[in-house]
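Counting starts at 1 for both ligands and their atoms, in listed order.
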Amino acid sequence: MCGIIGYVGRASATPVLLGGLRRLEYRGYDSAGMALQEGSELLVARAVGKVAKLSEKIDLTWSEELQGRCTVGIAHTRWATHGAPTEANAHPHRDASQRICLVHNGIIENYRNIRQKLEAKGHVFVSETDTEALSRLVGEFYKGDLRQAVTRALRQVEGAYGIAVMAADEPGVIVAARKGSPLVIGVGEGECLVASDASALVAHTRRVIYLNDGDIALLKADSVQITDIDHAPIERDVADLELEAAAVEKGGFEHFMLKEIHEQPESVRNALRGRIDAQQGTAVLSGMGTSPRELAEIRRIVMVGCGTSLHAGMVGEFAFEELATISSEVQQAAEFRYRNPIVDAHDLVIAISQSGETADTLAAVREAKEKGTMVMGLVNVVGSTIARETGRGVYLHAGPEISVASTKAFTGQVAVLLLMALKLGRSRHLSAERGLAIAQQIQSLPELIEAVLAQNDAIAQVAAVIAPHEHAFFLGRGPMHPVALEGALKLKEISYIHAEGYHAAELKHGPIALLTPGTPVVVIANQSPVVDKVLSNAEECRARGAQVIALVSQTGSAAVADQVIRIPDCDPLVATIPAAVALQLLAYHVARLRGCAIDQPRNLAKSVTVE
Ligand code: AGP
C-alpha cells in the first residue's frame, strides 16, 4: 500500500533513500517525502506526485554539500488511505516538538480516538492522516529514549503498521516496528537499512532480517537490536536474499509489465522445475508438507485470494474438481474472514497471493488456522508474511513482479494449481495414463506461451480496434470464465476502459442490453466441449452489432469473429494459461495506444496491505 525505507550508515542517505523509493514506488505513488538527520536537527522535504517530484524538490531545497553530510534518513512513497494526496498529508509526519519524524505503512484504526485525546491536550493537527496521530503520540512519550517512546505509543495503537522513526536528539538511530505491514532489515558493512520489501535493499546488501508482527528493531550503523513490545530481546536469523538487482530493472523493455509478460515462458518453467514426475504422471510438491494419508483425507478445498489471485483460484476450482474429484470452491478473502466460514480439519485452505502481504488474504489465513483447517500458501515473494504464517505451501518462483498489473504471477499460480490438482488426483482416482497426458501438457506450457508471444504484432493490431472504446466485454465458459474475468481486469486496470468479464451464457440474462454497434466483445472460444455454445453466444453479440474478437484454437472456427487471435490447441485447463497471456498482451497494447501509465496505474497499488 505504501513504501517506506530507512538508512543509517556512513554514505549520503539521500541517493540510497531515493533509489529505494523508486523500487518501492509500485506500492503507491501519489506523494512522497524524506527526513534527514543533520547534526541535532531533522530536515523534512515532501512533494505531491511520484518520487521524481520529491527528488526535484530535494535538489531545490538541500545543497549537495548538505546532502553529503547527512548519513541517516527515512523516506516514504504514499498510497492515500486517509486524506487526499497533498503535501500536508505526505509522510514523514512529525510530533508536536517537530523533533521526531515517522513514516508509516498501514492503517491506525483507532486514530480518531488518539487524535481527540491529543487535541484535548492542546495538539493542533496539520494533516488528515491517521499517521500524524501516531507521530504525535510518540512525541508525547519521548523522554530521551526513542525505542521506549515508540513501544509505549504502539501499546495504544489498534490496526496495522510498518513504521520507521527518527529523533533529532538521538542521531544515528532509527527505530522500526511492524504489525500487519511488512518490514525487512538489510544488514550491510557499516550500514543498516529497513524497507517495506527486499527490492529496495538488493542494491546494498543481500543479508536480510524479516521482521515478524510485534517486532521492534533499533538500527544503528553497525548493529541491529530486536525486541518485543515489552523490550524482551528477540533473535531473528539473517537470511541471504535470493533477489538479483537486475531482476528489478526493466531489461530493455518499455514497461515492467511487458517485460514480465515476456518472462512467462521462463517464470512458468521455474514454477514447474523439478515438480513433475513424468514417469508416474504426477507432481512433486514437497512444500505442501503432506503425507499421502493427509492428502487422501482432504474432503474439500477452499481457495482464498483477491483480484488476480482470486481469478487464479477460480481456475484452480475447475482443476481440482476435474482432476482430483475434490469439492472445491473459491472465496474472496475479505468475505471469508468475516463470514464465519464453515471449514474444519478435513478442509484444505489455500491462500493465493503474489505479494504474500495482502491484508484480507492474510486475515483469511489466520481465520482458517483458528478453525483448525490445513492451510497452505501459494505465494511468490519468499519470506513474505503469508508464506511464513501458513508455514507450508508452494512458492511460484516467478521472480519479482514490479508492474502493478499482475501477469506472470497469475500464470505461475495457475500452473502450480494444475500441479497440485494433478498430485491430488493421482493420490485418488486419476489414472496413470490421464496423469501422464496432463503432465506432458503442463510440461509444454513454456512453448505454448511462446507461441502466443510470437503473435505480439497481430495482437497489437487487434488492440487498435478496442482502444477507441470506453466499454468492452470478455466472455468465457468453464475454466475460461475466470480467464475472461482476468482479461477484463487487466484491461480496466491499465487502460481505464470499463471492461466486464462475464460467463458467456450470462450475457443474454441482462448485460446484453449494454451492447451498442461496435462494442468490442472478446470471446474465448478455445477447443472445448462447449465451444459451440460459446460461438453461439458470440453470434448473439454480433447480431446486435458488436465487434467480436475471438480467441480460437489453431484448428478452431473463426467464422463468427471480426478479429481473431489464435491460441494453441491443448487441454482446456492448460489452455487457460496461453489464453491469459494473449489477453495480457491485448490489454497492454490497448493501454499503450491510450498513453496510460501502464506500470503504475492511477489509484492502484501493487500490494494492498490494508482492508
Ligand atoms: C492484479 O492485476 C491486481 N494488481 C490485484 O488485483 C492483485 O492481484 C490483488 O491485489 C492481490 O494481490 P496479491 O496476489 O499480492 O495478494
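Using a cutoff of 4.0 Å between basic side-chain nitrogens and carboxylate oxygens, R366 and D213 are scored as salt-bridged. The residues D344 and K371 are annotated as not salt-bridged, no charged nitrogen and carboxylate oxygen being separated by less than 4.0 angstrom.
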Start with the C-alpha distance between T407 and Q584, add both sets of side-chain angles, then the distance that settles side chain to side chain donor-acceptor pair (under 3.5 Å), and finish with yes or no.
CA-CA 7 Å; T407 51; Q584 292 165 2; 4.8 Å; no
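Taking only nitrogen or oxygen atoms, main chain and side chain alike, K490 reaches within less than 3.5 Å of ligand 1. Where the criterion is an N or O separation shorter than 3.5 Å, residue side chain and backbone included, Q413 fails it with respect to ligand 1. Considering both main-chain and side-chain atoms, V404 comes within under 3.5 Å of ligand 1 through a nitrogen or oxygen pair. The shortest N or O to N or O distance between T308 and ligand 1 is under 3.5 Å.
Against a heavy-atom cut-off of under 4.0 Å, S406 is close to the following atoms of ligand 1: 1 (C), 2 (O). Atoms of ligand 1 found under 4.0 Å from any heavy atom of S309, numbered from 1 in the order shown, are 8 (O), 13 (P), 14 (O). Here is the list of ligand 1 atoms found below 4.0 Å of a heavy atom in A405: 2 (O).
Of all protein heavy atoms, the one lying nearest to atom 15 (O) of ligand 1 is S355 OG, 2.7 Å. Nearest protein neighbour of atom 12 (O) of ligand 1, counting heavy atoms only, is T358 OG1, 3.5 Å. Counting only heavy atoms of the protein, atom 9 (C) of ligand 1 lies nearest to C306 O, 3.7 Å. Residue, atom and distance of the protein heavy atom nearest to atom 6 (O) of ligand 1 are G307 CA, 3.2 Å. Scanning the protein heavy atoms around atom 2 (O) of ligand 1, the nearest turns out to be E493 OE2, 2.4 Å. Among protein heavy atoms, the minimum distance from atom 10 (O) of ligand 1 is reached at V608 CG2, 4.0 Å.
Between T576 atom OG1 and F410 atom CZ the span is 6.5 Å, to the nearest 0.5 Å. The structure places OG1 of T290 at 8.5 Å from CG of L348, a figure rounded to the nearest 0.5 Å.
Looking only at atom types and distance, the side chain of R178 has a donor-acceptor partner in the side chain of T385 under 3.5 Å away.
Within the 3.5 Å criterion, the main-chain N or O of N212 finds a donor-acceptor partner in the side chain of D215.
Not close to ligand 1: E357, with no non-hydrogen atom less than 4.0 angstrom away.
For the pairing with V302, the side-chain contact (heavy atoms from CB on, under 4.5 Å) check across V330, V349, I342, V375 returns one residue only, V349.
In this structure, R602 forms a cation-pi arrangement with Y496, its terminal cationic atom sitting closer than 6.0 Å to the ring centre and no more than 45° off the ring axis.
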